[in-house]
Amino acid sequence: MNLFDHPHALDLTRRHFFASAGLSVGSMALASLAGAAEVAPTPRKGADTATGAGAALPHTHFPTKCKNVIYFHMVGGPSQMDLYDYKPKMQEYYDKDLPESIRKGQRLTTMTSGQARFPIAPSRYRFKQKGQCGMWMNDELLPYTAKMADDLVFVRSMHTEAINHEPAITHMQTGNMVTGRPCLGAWASYGLGSLNQNLPTFVVMVAKPTNQDQVQAISARLWQSGYLPGEHAAVSFRAANDPILFINNPPGVTADVRRTTLDGLSKLNELNHGLLNDPETKTRIAQYEMAYRMQSSVPELADLSKESEKVLGLYGPEVKKQGSFAHTALTARRLVERGVRFVQVYHNNWDHHGNLAGRMKDQCADVDQPCWGLVQDLKRLGLFDNTLIIWGGEFGRTIYSQGGITKDKEGKTNYGRDHHPRCFTMWMAGGGTKGGTIYGETDDFSYNIVKDPVHVRDLHATILRLLGLDCDKFSYRFQGLDQKLIGVEKAHVIKELIA
C-alpha cells in the first residue's frame, strides 16, 4: 500500500511534521550527549505507562502530606461575615452607609453600583468562640462544624480579582479567569497518577441544594483537562439513578461480547494512532478500558447497603437521598477509600443577593452535618491524615445590603449581599494541615484585608505542596511554554497552614 495515497496522509500537515519530528531530533541529540538512561523519565509505581496517565513526573518534589483531595465548592460565594468572619462592631453601623474610607472607590458589580445608598447589614446570626483555637463562628447555623473547629484551618483573608461568577469560579478551579485551562483535579491526576485501576483518578459530583431559589449554571468545562492529555479530565457521577450513563450493558450483550468488542476497537484505534500519532487516540483507548472496569466497580461503590446505620447517621437524615449533599459526601469518602485521587463536589445556591435569611438556613443545613460526619468517618477509617478536605466558594459578599434592609416574619433583619472579591473565608482539614489555625484578618467591615492576604494562586501553591509538588517546578509544556497551575506570577506557599 502506498502510504502517500492513504486519506489519513492528508491530515499530516507541514507544521505537524516539524512539530513532531523536530522534537524527536532534539531528543535524539540530547540522548546522544547525556545518555538515554538520563533522558527517559522513570514511570512512578502504578503509573499507566501505556497511556501516559500520571507519567509526567517520576516522583514528587517533597514528601507528600496527603494522597487524596475532597474539594467542596459552594457555588455562588458564601457570605463570610455571616459564617466565619465575626464583625460585632457592625451592630453599631446598622443601616448606616458604608464609609467611603472603607470602600476606597473599589469596583462594584452593576447590580449595586447604581444604588443611592450602601446600607450596612450586620449579621443576624449568633457567633461564639469554638474549640481551643477560639475561632469565632456562626454556631447557630453551623453547630456541627463548630464542634470540629480544632480540626479545621480557617483562611479569612482569601482574595481574587474576579468580581463575577463565571471568571471567579474558573479562576478558583483552574488558576486563570480565562477558560480552557486544566482544573486543579486534572493537575493532581497528571502529577500523581492513579491509586486504583478500576475507578477514575478524578471524579466530580454536583449536589442538589434543598433550596433552589437562585441556582447558578455549572459548566462541565470546570472539570476538563484543558491542554493536559484527555485522560486527566474528571468523570462525572450523576446525582440520581446509575452514577454513570450506560454503565451497564444493554439487554442481550454479555460481558464476553463487550470484551470482544472493546478488543476490536482497541486494535482499530491502535492502527489509527500509528498513522496519525494523535495522543487523544490513546486517551480514547484508556477511556474504553476504564469504562469496562467500572462496570464492576461502580455498582459496588454506589451500593450503601453495607454501610452501618451508625456510619450513615454521621452524615445526617438526607444521606440516603441520591443527589443530596450528604449522599455525595459519603460517596466522596467511599471514592477516596477506594483510591480515587481527587473528588470535586459542587453545591449550588450560595449567591445570596436577596432573602439571605430565608436561604442561608437551608444552605447551612445541607452541608453542616455531612462535612462534620465526613471528618469523623475519615478519622474512623484512618484516612483523615491522608485526605485533604477543602471548603469554600469563588468570592465573598459585601457588608452592605443589595437593596434595602427589611424585616422578615420573625421580626429579624433580612437582607441580601452583593459579590465581594476583596476578602472571603475558606477552610481546609486533614491532609497535613495544621488544625486549629486561624489565618488572616479583615477590617471591622469585612471589606479589606489587614493581615496575611492569601491570593487564589497562594492557595493553589499550598495545596500542591501538601500533595508533594513544587508549584514553580510542576508544569506542562504547551504552545512553547512551561504552563503552570499558578500561572506566571509569583505564588507563596502558606507554611503556617501546614503541619
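Computed from a prediction, not measured in an experiment: that's the story for all the values here. Computed over heavy atoms, backbone and side chain alike; hydrogens, waters and symmetry mates excluded.
Between S79 and the choices H420, R397, H352, R417, the side chain to side chain donor-acceptor pair (under 3.5 Å) rule is met once, by R417.
A salt bridge does not link E100 to K104: none of the charged side-chain nitrogens sits closer than 4.0 Å to a carboxylate oxygen. The residues E140 and K128 are annotated as not salt-bridged, no charged nitrogen and carboxylate oxygen being separated by less than 4.0 angstrom. Using a 4.0 Å cut-off between charged nitrogen and carboxylate oxygen, R126 and D139 count as a salt-bridge pair. With respect to K379 and D151, a salt bridge is recorded, a charged nitrogen being found less than 4.0 Å from a carboxylate O. Taking the charged nitrogens against the carboxylate oxygens, D377 and R380 do have a contact shorter than 4.0 Å, which makes a salt bridge. One finds no salt bridge joining D444 and K89 here, because no Lys/Arg side-chain nitrogen approaches an Asp/Glu carboxylate oxygen to under 4.0 Å.
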Intermediate values then yes/no, ring-ring contact (aromatic ring centres under 6.0 Å, His included), Y400 and Y415: CA-CA 9 Å; Y400 66 80; Y415 46 85; over 10 Å; no
task: List the steps, then state whether side-chain hydrogen bond (donor to acceptor under 3.5 Å, both in side chains) holds for D418 with T109.
output: CA-CA 8 Å; D418 199 5; T109 75; 2.5 Å; yes
task: Kindly indicate, with the supporting measurements, whether the criterion side chain to side chain contact (heavy atoms under 4.5 Å, CB included) is fulfilled by V69 and V343.
output: CA-CA 6 Å; V69 178; V343 182; over 6 Å; no
- request: Start with the C-alpha gap between Y190 and Y476, add the side-chain angles, then the distance that decides, and say whether ring-ring contact (aromatic ring centres under 6.0 Å, His included) holds.
  value: CA-CA 9 Å; Y190 163 67; Y476 183 83; 5.3 Å; yes
task: Before giving the answer on ring-ring contact (aromatic ring centres under 6.0 Å, His included), spell out for Y346 and W223 the whole-Å C-alpha distance, their side-chain angles and the decisive distance to 0.1 Å.
output: CA-CA 11 Å; Y346 294 94; W223 52 84; 5.6 Å; yes
- prompt: Step by step, would you call R333 with L378 a side chain to side chain contact (heavy atoms under 4.5 Å, CB included)?
  reply: CA-CA 7 Å; R333 187 227 81 196; L378 290 172; 3.8 Å; yes
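F384 is linked by a ring-ring contact (aromatic ring centres under 6.0 Å, His included) to nothing, counting only residues two or more places apart in sequence or in another chain. With sequence neighbours excluded, the residues satisfying side-chain contact (heavy atoms from CB on, under 4.5 Å) with K361 are L141. Qualifying salt bridge (Lys or Arg N to Asp or Glu O under 4.0 Å) partners for D85, counting only residues two or more places apart in sequence or in other chains: K87. Evaluation of the salt bridge (Lys or Arg N to Asp or Glu O under 4.0 Å) rule for D95 yields R117 as partners, not counting sequence neighbours.
A donor and an acceptor atom, one from each side chain of D351 and H353, are located under 3.5 Å apart. Between the side chains of D303 and S305, at least one donor N or O sits under 3.5 Å from an acceptor N or O. Side-chain N/O atoms of Q106 and N448 include a donor and acceptor closer than 3.5 Å. Checking S446 against Q80 by side-chain atom types alone, a donor-acceptor pair falls below 3.5 Å. No hydrogens or angles considered: a donor-acceptor pair under 3.5 Å links the side chains of D366 and H347. In this model, no donor atom of one side chain and acceptor atom of the other lie less than 3.5 Å apart for H232 and S225.
Y86 and W136 have parallel rings, their planes meeting at less than 30° on a 0 to 90° scale where 60° marks the start of perpendicular.
In this structure, K451 places its NZ atom where only 12 or fewer heavy-atom neighbours from other residues, nucleotides or ligands lie under 6.0 Å away.
Using a 4.5 Å heavy-atom cutoff, the side chains of Q214 and R359 are in contact. Counting heavy atoms from C-beta on, the side chains of M111 and Q402 come closer than 4.5 Å. Side chains of L312 and E307 form a contact here, defined as non-hydrogen atoms less than 4.5 Å apart. In this structure, the side chains of P370 and V319 stay at 4.5 Å or more apart for every pair of heavy atoms. Between M74 and N348 there is no side-chain heavy-atom pair separated by less than 4.5 Å. For the pair K407/T413, a side-chain contact is recorded, criterion being any heavy-atom separation below 4.5 Å from C-beta on. In this structure the side chain of L142 reaches within 4.5 angstrom of the side chain of Y84, judged on heavy atoms. Residues V206 and T328 are not in side-chain contact: their nearest non-hydrogen atoms beyond the backbone lie 4.5 Å or more apart.
Of the possible polar contacts, none joining the T64 side chain to the K67 backbone as a donor-acceptor pair under 3.5 Å is found.
A centroid separation of less than 6.0 Å is found between the aromatic rings of F202 and F342.
Judged by a 6.0 Å distance limit and a 45° cone about the ring axis, R465 is positioned over the six-membered ring of F62. Remark: R103 qualifies as a cation-pi partner of F118 under the 6.0 Å distance and 45° angle criteria applied to the six-membered ring.
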Name every donor-acceptor pair, under 3.5 Å, that has one atom in a side chain of residues 386-394 and the other anywhere in the protein, sequence neighbours excluded.
{"from": "T387", "atom 1": "OG1", "to": "L383", "atom 2": "O", "distance (Å)": "2.9"}
{"from": "E394", "atom 1": "OE1", "to": "H73", "atom 2": "NE2", "distance (Å)": "2.9"}
{"from": "E394", "atom 1": "OE1", "to": "G76", "atom 2": "N", "distance (Å)": "3.2"}
{"from": "E394", "atom 1": "OE2", "to": "G76", "atom 2": "N", "distance (Å)": "3.1"}
{"from": "E394", "atom 1": "OE2", "to": "H165", "atom 2": "ND1", "distance (Å)": "2.9"}

Extract all donor-acceptor atom pairs below 3.5 Å that involve side chains of residues 486-494 and protein atoms in other chains or at least two apart in sequence.
{"from": "E489", "atom 1": "OE1", "to": "R457", "atom 2": "NH2", "distance (Å)": "3.3"}
{"from": "K490", "atom 1": "NZ", "to": "D472", "atom 2": "OD2", "distance (Å)": "3.4"}

